[in-house]
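Because the structure is a prediction, the values reported are computed rather than measured. Letters go in sequence order (proteins before strands), and every chain restarts at 1.
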Protein chains: 2
Amino acid sequence: MAWNTAETKRKLKDAAVAEFAAHGLDGTTMEKIARRAGLNKERLYSYFGDKPQLFATVLADELNKVAAAVPLTEIEGPQAVGDYAADVYDYHSAHPELTRLLLWEGLMDLPEVPDEAARTDYYRAKVAVFERAQREGRISGRIPAADLAFLVLALAGWWYAVPQMARMMHADKASGAASNRTALKEAAARLAAPE
Amino acid sequence: MAWNTAETKRKLKDAAVAEFAAHGLDGTTMEKIARRAGLNKERLYSYFGDKPQLFATVLADELNKVAAAVPLTEIEGPQAVGDYAADVYDYHSAHPELTRLLLWEGLMDLPEVPDEAARTDYYRAKVAVFERAQREGRISGRIPAADLAFLVLALAGWWYAVPQMARMMHADKASGAASNRTALKEAAARLAAPE
DNA sequence: CTCAACTCCAACGTTTCCGTTGGATTCTGA
DNA sequence: TCAGAATCCAACGGAAACGTTGGAGTTGAG
């Protein structure tokens with residue numbers, strides 16, 4: 001059987017995403033990642049370095065994926081903000097690993113995150129889109145663009161951050177993801193609604 | 001020196017709150033908690049059981065504290081929703097441990113959380129306050145009460161969930177907590193604003 | 001064909017952590 | 001005062017995880 005380095009790396013990285021997302025940096029063992037990938041632990045160390053390095057690699061990769069998957073280049077009006085929030089929500093719904101990785105990372109409170117410069121650019125680009133829409137009067141300017149963009153992501157992400165709270169709050173009715181999504185859309189649009 | 005069991009327990013619990021909030025369940029060691037409290041590990045086991053039990057105890061305690069510290073019994077109008085969000089934000093700002101414990105818990109995705117019944121009651125009471133304000137027309141009814149209450153908490157909590165994102169988004173201006181708080185207040189009020 | 005370089009894994013030493021135990025010290029009630 | 005109960009800790013056994021190593025199998029260039 002021929003060597004297939006690229007495939008081996010991919011398997012390891014996929015396994016690492018799953019394990020890290022599920023159990024965090026401290027809760028994950030290198031052994032388990034390797035076994036999930038059907039490979040040996042030593043491959044992890046030789047390809048990716050130690051555990052924190054692997055975590056950083058994995059997170060950076062996932063962030064690149066979401067950047068490509070959920071674009072935002074123009075905001076026509078408040079409704080577009082709601083749509084964007086719903087898109088983010090849908091992406092997280094389909095790829096819950098990303099949010100979880102971000103949350104694990106947030107809880108580590110590192111002084112600097114991996115790939116900081118690129119990620120800052122990415123977020124700043126999103127903020128710029130909000131800024132432009134505000135300047136041109138298509139959405140409200142009452143909330144500063146950076147805060148507005150951040151809070152829209154808050155609305156979309158909180159469901160995955162504290163699922164136990166979501167579950168307890170919706171105890172009586174079987175509301176389901178669809179109705180959550182509708183509420184989210186309305187809420188995000190409201191943040192941007194003109195006076 | 002006389003025995004002081006209550007004081008010993010308090011010291012252990014305080015140390016456990018700090019360590020668990022900082023490093024999570026897996027990242028925390030019983031040894032470190034005990035040393036932070038200036039006591040022996042064995043005291044932890046005899047008083048609180050093993051590590052997961054201790055975590056559950058600690059979290060339940062902190063939740064009781066916040067329940068007492070940030071009441072919400074009446075919503076006069078949208079502005080009151082903004083004020084409530086700001087109160088929650090301020091509490092988290094003064095006691096960042098609670099949010100962090102909740103987030104660690106959320107990431108464990110347990111099928112059931114400790115003290116589930118009491119916590120459900122607590123959240124449902126909050127939801128009921130929103131429901132009443134909606135029924136009486138003091139705030140908008142467009143977003144279902146459970147979702148509305150949840151999303152208000154999202155706005156207040158997201159800053160602590162992903163501080164790295166907050167930092168990167170506000171890269172250029174030294175916006176600071178005060179301006180975040182103002183934006184949050186405005187945003188929360190908007191969720192409840194009548195049409 | 002040959003050999004150097006690359007890929008892979010079983011097994012290892014070391015460290016760290018969990019949860020317990022045996023015993024010393026301190027308190028209390030009779 | 002004294003016996004027994006409660007509080008505390010140093011030290012331990014065992015398990016698990018990290019990161020490494022030595023060697024076996026595979027490839028491709030010369």
Side-chain angles (χ1 to χ4, degrees), chain A residues 1-61 97 100-101 104-105 107-108 110 114, chain B residues 1-61 97 100-101 104-105 107-108 110 114:
Chain A
M1 196 208 306
W3 297 130
N4 194 338
T5 308
E7 174 69 5
T8 298
K9 283 190 189 178
R10 195 196 53 76
K11 275 191 208 157
L12 287 171
K13 223 163 8 185
D14 286 354
V17 167
E19 290 289 330
F20 278 135
H23 307 114
L25 180 65
D26 290 313
T28 295
T29 78
M30 297 295 263
E31 179 67 38
K32 269 184 159 177
I33 295 175
R35 290 189 53 185
R36 178 188 274 255
L39 292 161
N40 189 275
K41 204 176 27 161
E42 180 268 355
R43 286 293 84 197
L44 279 175
Y45 286 98
S46 78
Y47 285 142
F48 302 104
D50 63 11
K51 195 156 68 155
Q53 279 176 54
L54 175 57
F55 187 88
T57 302
V58 153
L59 181 54
D61 268 33
E97 307 86 18
R100 294 179 59 91
L101 290 173
W104 289 116
E105 185 194 49
L107 284 169
M108 306 191 212
L110 313 162
Chain B
M1 200 208 302
W3 296 131
N4 193 338
T5 308
E7 175 69 5
T8 297
K9 283 190 190 177
R10 194 194 54 76
K11 275 190 208 158
L12 288 171
K13 222 160 14 181
D14 286 353
V17 168
E19 291 289 330
F20 278 136
H23 307 114
L25 180 64
D26 289 314
T28 295
T29 77
M30 297 296 262
E31 180 67 38
K32 268 184 158 179
I33 295 175
R35 288 188 55 182
R36 178 188 273 255
L39 291 161
N40 189 276
K41 204 174 32 161
E42 180 267 355
R43 286 293 83 198
L44 280 175
Y45 287 97
S46 77
Y47 286 142
F48 301 104
D50 63 11
K51 196 155 69 154
Q53 278 176 56
L54 175 57
F55 187 89
T57 303
V58 153
L59 181 54
D61 267 35
E97 306 85 19
R100 295 179 58 92
L101 289 173
W104 289 117
E105 186 194 49
L107 284 169
M108 305 193 216
L110 313 162

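- Between A:Lys51 and D:dC18 there is a side-chain polar atom (N or O) within less than 4.0 angstrom of OP1 or OP2.
- Remark: P of C:dA10 and CG of A:Leu39 are 11 Å apart, rounded to the nearest angstrom.
- Note that CZ of A:Arg35 and OG1 of A:Thr29 are 9.0 Å apart. Values are rounded to the nearest 0.5 Å.
- Here C:dG19 presents its P atom at 15 Å from CZ of B:Phe48, a figure rounded to the nearest Å.
- With A:Lys32 contributing its side chain and A:Glu19 its backbone, the two residues share no donor-acceptor pair below 3.5 Å.
- Interatomic distance, CG of A:Leu101 versus CG of A:Leu25, reported as 10.5 Å (0.5 Å rounding).
- Here C:dT20 is the nucleotide among C:dT20, C:dT7, D:dC8 with the atom lying nearest to any side-chain atom of B:Tyr45.
- B:Ser46 comes within 4.0 angstrom of no nucleic acid atom, judged by non-hydrogen atoms across all strands.
- Of the two residues contacting DNA chain D, namely A:Thr28 and A:Glu42, the nearest-nucleotide position lying further toward the 5' end is that of A:Thr28.
- As a whole-Å value, the separation of A:Asp26 CG from C:dT16 P is 14 Å.
- In this structure, B:Thr8 reaches the D:dC8 phosphate: one of its side-chain N or O atoms is under 4.0 Å from OP1 or OP2.
- A distance of 11.5 Å separates CG of A:Asn40 from OG1 of A:Thr8, quoted to the nearest 0.5 Å.
- Atom CE of A:Met30 and atom P of D:dA17 are 13 Å apart (whole Å).
- A donor-acceptor pair under 3.5 Å links the side-chain atoms of A:Arg100 to the main chain of B:Leu107, judged by distance alone.
- For the pair A:Leu54 CG and D:dA17 C1', the computed distance is 15 Å after rounding to whole Å.
- Within 4.0 Å (heavy atoms only), A:Lys41 reaches at least one base atom of the nucleic acid.
- Between A:Asp50 atom CG and D:dG19 atom P there is a gap of 5 Å when expressed in whole angstrom units.
- Note: CD1 (A:Ile33) to P (D:dA17) measures 12 Å, nearest angstrom.
- Comparing D:dC18, D:dC9, C:dC18 against the side chain of B:Thr29 picks out C:dC18 as the nearest.
- Nucleotide D:dT20 holds its P atom 13 Å from the CG atom of A:Asn40, rounded to whole Å.
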